[in-house]
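Let me begin by presenting the structure, written as structure tokens, before commenting on it.
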Amino acid sequence: MTAVAEARIRKRVLPSPVTGQEVVLVGVIAVLWAALAVSTPAFLTAGSIQPLLVATAPVALIGVGMTIVIITGGIDVSVGGAIMVCSVLTAKALVEAEVGLAVAVLLSVAAGGLLGLVNGVLIAYGRVHAIIITFGTANLFMFLGLRIFGSGTVNGIPGTLAFFGRGPDGRTLGIPHAFLITVLITAAAWWWLRHTAGGRHFFAIGGDAQAARLAGVRVQRRVLSAYVLTGLLVGLASCFVIAQGTSTLDQSVGAGKELAVIAAVVIGGTSIMGGRGSVLGTLLGALLVQSVASGVTQLGWRSQLSDLFVGIFIIVAVGADLLRARARRNR
């Protein structure tokens, strides 16, 4: 294949480096923050923005993996249950074995990778649709997490993971480490998806898996790797989740996180039909979702309004994606 032909294929498969939706999201976040700053002057203070960035980090980090999964035409609704398993395993290791920071992170990441491997094997080689498999494993992971919890909570968690937390140990120049790590991983994923053959294969699979297979792409291996990567990121994000809270971990950990992650990915411009997406958009989508939740709380409104606004954003994003798809077909 000539360099010119490869460049044409790359241009056809990949979105622009910065998409129009990402530009719109930056504008929406700027307007939202300005409105909240006027309504609640405390919003733009460090005491408000830092917790917002800490809350954004795990959603955006898992969203990086979810973006790749959805680009391939799949989905993973089991991440909430996986967070529970990784979090309770890590919390118990911190309390009972008094492990250090590095061991705790490795344990959580390894557990997440194993859970992702379970999903990936079943989906890639079982040839069953991802939503069916991950809906089933979501329940299995939750059952496993509850069994590990036992009858109560995990109490007395030490500050080993403070590096990822809200306190002074969790910040550099006022920016939370969890958010900085998320931005770095997002940037690396953005570069990898756009500038390596392996990254571009995910877009090809989502566009037409059979055509990708005929072109020499190892579809099953790529799909498997997408779910394993998501699991690894779930493990790291679980450390962020533990560090956000107090010295107690209860059985609600991870609840609803899969919905927040999928919302961030869809709002960020990733096509739910596969073949198109951007991890940069996912990061912005996660920031928008958490900004809405923070704004609703600070304004003293009912928490249900946050779900309403996010639902509206999702409908608008999906509608825009469908219109773009129709416009491409009519060219």
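Counting begins at 1 with the first residue of the sequence.
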Is R218 atom CZ crowded by more than 12 heavy atoms from other residues, nucleotides or ligands, each under 6.0 Å away? no
Tell me whether F143 at atom CZ has more than 12 heavy atoms from other residues, nucleotides or ligands lying less than 6.0 Å away. no
Considering only heavy atoms from C-beta outward, does the side chain of [X] approach that of [Y] to under 4.5 Å?
X: V118; Y: L140; value: no
X: V105; Y: F163; value: no
X: I68; Y: W192; value: yes
X: V266; Y: V318; value: yes
X: L101; Y: F164; value: yes
X: I71; Y: T67; value: yes
X: L53; Y: Q290; value: no
X: L299; Y: T40; value: yes

Look only at the side chain of [X] and the backbone of [Y], and say whether a donor-acceptor pair between them is shorter than 3.5 Å.
X: S78; Y: G81; result: no
X: S108; Y: A104; result: no
X: E258; Y: V79; result: no
X: E22; Y: G268; result: no
X: T134; Y: A130; result: yes
X: S48; Y: T45; result: no
X: Q50; Y: G174; result: yes
X: K92; Y: I148; result: yes
X: R200; Y: R194; result: yes
X: S225; Y: R222; result: yes

When F240 is tested against each of T182, L161, I83, T56 for side-chain contact (heavy atoms from CB on, under 4.5 Å), which residue passes? T182
Would you please test T230 and D76 for side-chain hydrogen bond (donor to acceptor under 3.5 Å, both in side chains) and show each step? CA-CA 9 Å; T230 302; D76 187 351; 5.3 Å; no
Shortest non-hydrogen separation from [X] to [Y] and the atoms involved:
X: L249; Y: F149; answer: O-CE2, 3.4 Å
X: A60; Y: T282; answer: O-CG2, 4.4 Å
X: D208; Y: A211; answer: OD1-N, 3.1 Å

If we count only N and O atoms by modelled type, under 3.5 Å, do the side chains of T153 and T248 hold a donor and an acceptor together?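 There is no such pair (donor and acceptor under 3.5 Å, judged by atom type) between the side chains of T153 and T248.
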Please round to the nearest 0.5 Å and tell me the distance separating atom OG of S291 and atom CZ of F43.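 Between S291 OG and F43 CZ, I get 5.0 Å after rounding to 0.5 Å.
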Given the rule in the side-chain contact (heavy atoms from CB on, under 4.5 Å) test, do I49 and W33 qualify, once you have shown the distances and angles that lead to the verdict? CA-CA 10 Å; I49 295 297; W33 281 26; 4.0 Å; yes
